[in-house]
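Note that ligands are numbered from 1 as they come in the structure, with each ligand's atoms numbered from 1 the same way. Quick caveat, the model's predicted, so the values are computed rather than measured.
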Amino acid sequence: MSSEHTIATVVGGGVIGLSVAWRAAAAGWPVRLLDPEPVRGGASWLAGGMLAPVTEAWPGEEDVLRLGEESLRRWPQFARDLSAAGIDPGLAGHGTIVLAFDSADAGHLEILAGHLRSLGRAVESLTSREARRLAPGIGAVRGGLHVPGDLAVDNRKLLTALAEAGAQQGVEFRRERLASLDDVPGPVVLAAGAWTGQLHPSLAQAVRPLKGEILRLRPRRGCLPPPPHTVRAIVEGRPIYLVPRADGELVLGATQYEAGFDQAVTARGVRELLEGAERILPGITEYELVETAAGLRAGSRDALPYVGEVGEGVYVATGHHRNGLLMAPVTADAVLAWLAGEAPPAEIAAASPARLEKERV
Ligand code: GLY
C-alpha cells in the first residue's frame, strides 16, 4: 500500500505528532518524523494526563467541550489499538472529583454543574462527607462534584507506546528540525506545539507558549496513599489538580502564565502548587518530591486548537492549549481523513485555521 503514497512528514514528536505519525504509517503512508528530542522533549512528557473535557469546560467554550468529548469518545479504541501494538498506554477510568473549599468555590462549582447539566452531561453534587468518602485524606471541604465520565492516562507510558507503535509501522524518526517547507516532498503536518508558530506565517501571531510548572510526588512509608480519583480544586483563584498514577506516583499541576519560551522552574511556582495541594490533601507534605519541571503548552487565541490545511499539502495540528492529550485521537483522525481525501470528524470544523483569516478581515 505504501507505494501508492508519497512520503508524509510530521514535524514534532509530542503526543499530537506521534499520534499522527503512527496512524498515518498504519494507514500505509511512509512517514518521517522530525524532532531533535521526540517523546521527552516537549510539553506532553510533562502533562498531568487528565482526559477531562467536562471539568475543563466553561460557559462560552462549547466548541472546545464538543471537540474534547468527541475525542474522549475515541480514547478507549485509541488505547486498545496501542495496547494491541504491545504497550499499555495506562488509560484509567477513575473520573474526577472537583472540590470547593469556600463559598466562592462553591459558587464556581454551582455555575459549572449548571452549565454541564444544561448540556446533558453526567455530574453529581457531593456533600463534604460524600467527597471525603470518595477521596479519603482530603482537607476540610464544603462540598464538590463528581464527574464519573472523565478518564486519565499515564502520559509517559502513552508517549512511549506511541513511539513504539509508530516504529513498528515503519515511522522513521529523525532527530532534526525542519529546515524549510520548500524542501518537503509530500504532505507535511506541523505539530510542534508552542513552536509551530515559527514554522508557518499563518500561525506566527496565533500560537503562543503558556508556561506550566508541574510536580511529581510519591508517598513515603507510612503516608496515606493518594486518592484513587483525579482531584481538582480552585485554591485562592488558582486551579490545582492531583492525578494518581497506577505505580503510586501523584502528579500535581499546574501553574499557567505567559513567560515566552522560558522553561525555568520557579520557587514561586513550586510554592503555589504545594500550598494549593496541601489544602486539598494535607498529608502531601510528607510525600517525597521526586520531580519538578516546566513545559510550554501551545496556546491559541480562543482555547480551540488549529487543525487543518494552511497551504497545499501543509497541515497544522497545534494550539491544543490544556487539551493536547485529550484531543490527540480526534486530531489524528482528522489529519488522516484529509490525507486520504475523506471527510474528517464533524467536530474538527470549529478548529479550522481558516478562522484566523476571518479575524484578519
Ligand atoms: N491539562 C492540564 C494542564 O494543561 O495543566
Give, for atom CG of Leu178 and atom CG of Asp183, the distance between the pair rounded to the nearest 0.5 Å. 8.5 Å
Take the angle between the ring planes of Phe261 and Trp195 and call it parallel below 30°, perpendicular above 60°, tilted in between. tilted
Shortest protein contact, atom 4 (O) of ligand 1 (heavy atom only): Arg297 NE, 2.7 Å
Ignoring hydrogens and geometry, is there a side-chain-to-backbone donor-acceptor pair from Ser300 to Val207 under 3.5 Å? no
Quick test: of every protein heavy atom, which one is nearest to atom 2 (C) of ligand 1, and how far off is it to 0.1 Å? Tyr241 OH, 3.4 Å
Would you call Glu172-Arg174 a salt bridge at under 4.0 Å N-O? yes
Basic-acidic side-chain contact under 4.0 Å: Asp35, Arg175: no
Atom indices of ligand 1, in the order listed, that fall short of 4.0 Å to a heavy atom of Ala254: 5 (O)
Tell me: protein heavy atom nearest atom 1 (N) of ligand 1, and distance? Arg322 O, 2.7 Å
Taking only non-hydrogen atoms of Met50 and a 4.0 Å limit, the atoms of ligand 1 in range are 2 (C)
